[in-house]
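To start, the structure under review is shown below, and the notes come after it.
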Amino acid sequence: MVTSVEAAAMLAAALMGGLVARLAVPTRRTVLAAGPWTVTAALAVVAARMGAYDALAVEISSRAVIAAVAALATGSWAGSIHLADLRGLAYRDRYLAATGSAAAVILGGAVLFQADFPPLRLAWFVIAPTAAALLAAVGYFLLGLVYTDALAELRLAGLYTLGAIALDGVASAVVVEQLGGTRTGLVTTALDWLAGMAGVDPFLWALLPGHVVVGMAFVGACGWASKRSHAVGLLVALLGSIAVLWAAAVLLVATVLLG
Amino acid sequence: MSSYIRDPVGTGVAVLIGIVFGVTLAAPMLPTHLSLGLEVGGDRITALLVLGTLGLVAVPVGVFLLYLLISRME
């Protein structure tokens, strides 16, 4: 069931999303610029799980938090585009990245100092993105050898999308194999299910090549779609990277900070 | 739709909007009093490791914001 708070937040997100859709066309940079707000949404969900918003008079669910952050992201972007418009400039994707980075830094700092956890676990926040970036670079290079058009179409957006899928795998492996958690990210859950069908109980670090292959296939498909219709391919890459990165960030941050 | 003029004013306003929204989202968690206590983990090595790790996360974010503010490439 959808509560009234969730309904209000979703309505606000839909309205603001519609406003942005009228003002801006997704470009390769939009895919990257959505990253900071994706991390902010993940941090806000973790903050809600920590009980940060319990003092509010209404019950706040994860869905309401996501919709509220989406409304803030699209609303602030629409506002920035309008301001740029008043000054006679074309809209920029960097406004989306700038608002998101500032919000993520402040919310991330607040969550870090609020949570009580062994401080050495912070190292996973450095290790996981670094490992994901290395895997993404290898995968994108290999994709470039077999399907160069995808690189020409997507450039950094493709590398970033591949990195989000690799982070899904690294975060799941860190959570399950190193920190003793049970939950896994979106792509890892699917790969784990496939391995289970084949009768294998996989060591999650060993699934990482599978993530690279899935990422190469997904980015290749986005590149193929982008060649036919530029906006469609970019929109798929944008939505895919947001969903995968959000799930991986919630998984990693919640497990590292809350155990 | 691309223009090659750098836009530190618009980006600065966007950063300010982001700060306002970040503070709004973090409002229930903000400390009521500020202190410079760095007593994390108990011993010195742990505190240094924590500060180093936070630096490794914070420096790229700072560089990225600077890039957004002053970069001409768009």
Side-chain angles (χ1 to χ4, degrees), chain A residues 24-25 27 29 33 36-37 40 43-44 47 50-56 65 68-69 72-73 75-77 79-81 83-84 87 89-115 118-126 129-130, chain B residues 1-31 34-35 37-43 45-74:
Chain A
V25 186
T27 66
R29 287 171 220 108
W37 271 113
T40 307
L43 289 169
M50 284 163 59
Y53 304 126
D54 285 356
L56 297 178
V65 171
V69 173
L72 286 183
S76 61
W77 196 26
S80 302
I81 292 173
L83 283 177
R87 294 163 57 236
L89 293 172
Y91 82 88
R92 303 291 183 90
D93 293 308
R94 67 173 57 182
Y95 303 141
L96 184 64
T99 49
S101 304
V105 166
I106 292 177
L107 190 57
V111 168
L112 270 188
F113 282 97
Q114 183 76 8
L120 282 180
R121 282 186 169 200
L122 281 176
W124 292 117
F125 290 143
V126 176
T130 311
Chain B
M1 272 303 247
S2 67
S3 75
Y4 288 87
I5 319 154
R6 66 178 110 168
D7 184 16
V9 178
T11 313
V13 170
V15 169
L16 285 182
I17 296 174
I19 289 174
V20 170
F21 283 170
V23 170
T24 312
L25 284 171
M29 287 177 290
L30 292 181
L34 283 176
S35 70
L38 291 174
E39 54 273 8
V40 270
D43 57 3
I45 301 291
T46 317
L48 285 176
L49 279 171
V50 168
L51 285 180
T53 314
L54 283 179
L56 277 178
V57 177
V59 167
V61 177
V63 170
F64 179 60
L65 277 177
L66 268 180
Y67 162 81
L68 288 177
L69 275 173
I70 61 174
S71 146
R72 200 182 271 272
M73 299 284 286
E74 173 79 4

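Residue numbers begin at 1 in each chain, while the letters A, B, ... track the order of the sequences.
Within the 4.5 angstrom heavy-atom criterion, atoms from both the backbone and the side chain of Leu107(A) approach chain B. For Trp37(A), the part sitting under 4.5 Å from any heavy atom of chain B is the side chain, from C-beta outward, and nothing else. No part of Ala55(A) comes within reach of chain B, as not one of its non-hydrogen atoms sits under 4.5 angstrom from that chain. The parts of Leu68(B) that come within reach of chain A are both its backbone and its side chain, each placing non-hydrogen atoms under 4.5 angstrom from that chain. Heavy atoms closer than 4.5 Å to chain B are found nowhere in Leu96(A), neither backbone nor side chain. Both the backbone and the side chain of Ser76(A) come within contact range of chain B, with heavy atoms under 4.5 Å apart. Contacts between Val65(A) and chain B at a heavy-atom distance below 4.5 Å are absent for every atom of the residue. Within the 4.5 angstrom heavy-atom criterion, only side-chain atoms of Val61(B), from C-beta onward, approach chain A.
Top candidate by heavy-atom pairs under 4.5 Å with chain A, chosen from Thr53(B), Leu69(B), Val13(B), is Thr53(B). For chain B, the option among Asp54(A), Thr130(A), Leu72(A) with the highest count of heavy-atom pairs below 4.5 Å is Leu72(A).
When all heavy atoms are compared, the tightest approach of Ala98(A) to Val15(B) is CB-CG2, 3.8 Å. Contact record, Gly10(B) with Tyr95(A): C-CE2, 3.5 Å, taken as the closest heavy-atom pair.
Distance check, rounded to the nearest 0.5 Å: CG of Leu56(B) to CZ of Phe125(A) gives 13.5 Å.
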Practice problem: Show your reasoning for whether salt bridge (Lys or Arg N to Asp or Glu O under 4.0 Å) applies to Arg94(A) and Asp7(B). | Solution: CA-CA 10 Å; Arg94(A) 67 173 57 182; Asp7(B) 184 16; over 6 Å; no
Side-chain atoms of residues 16-29 of chain B: list all donor-acceptor pairs with protein atoms under 3.5 Å, sequence neighbours left out, distances to 0.1 Å.
from: Thr24(B); atom 1: OG1; to: Val20(B); atom 2: O; distance (Å): 2.6

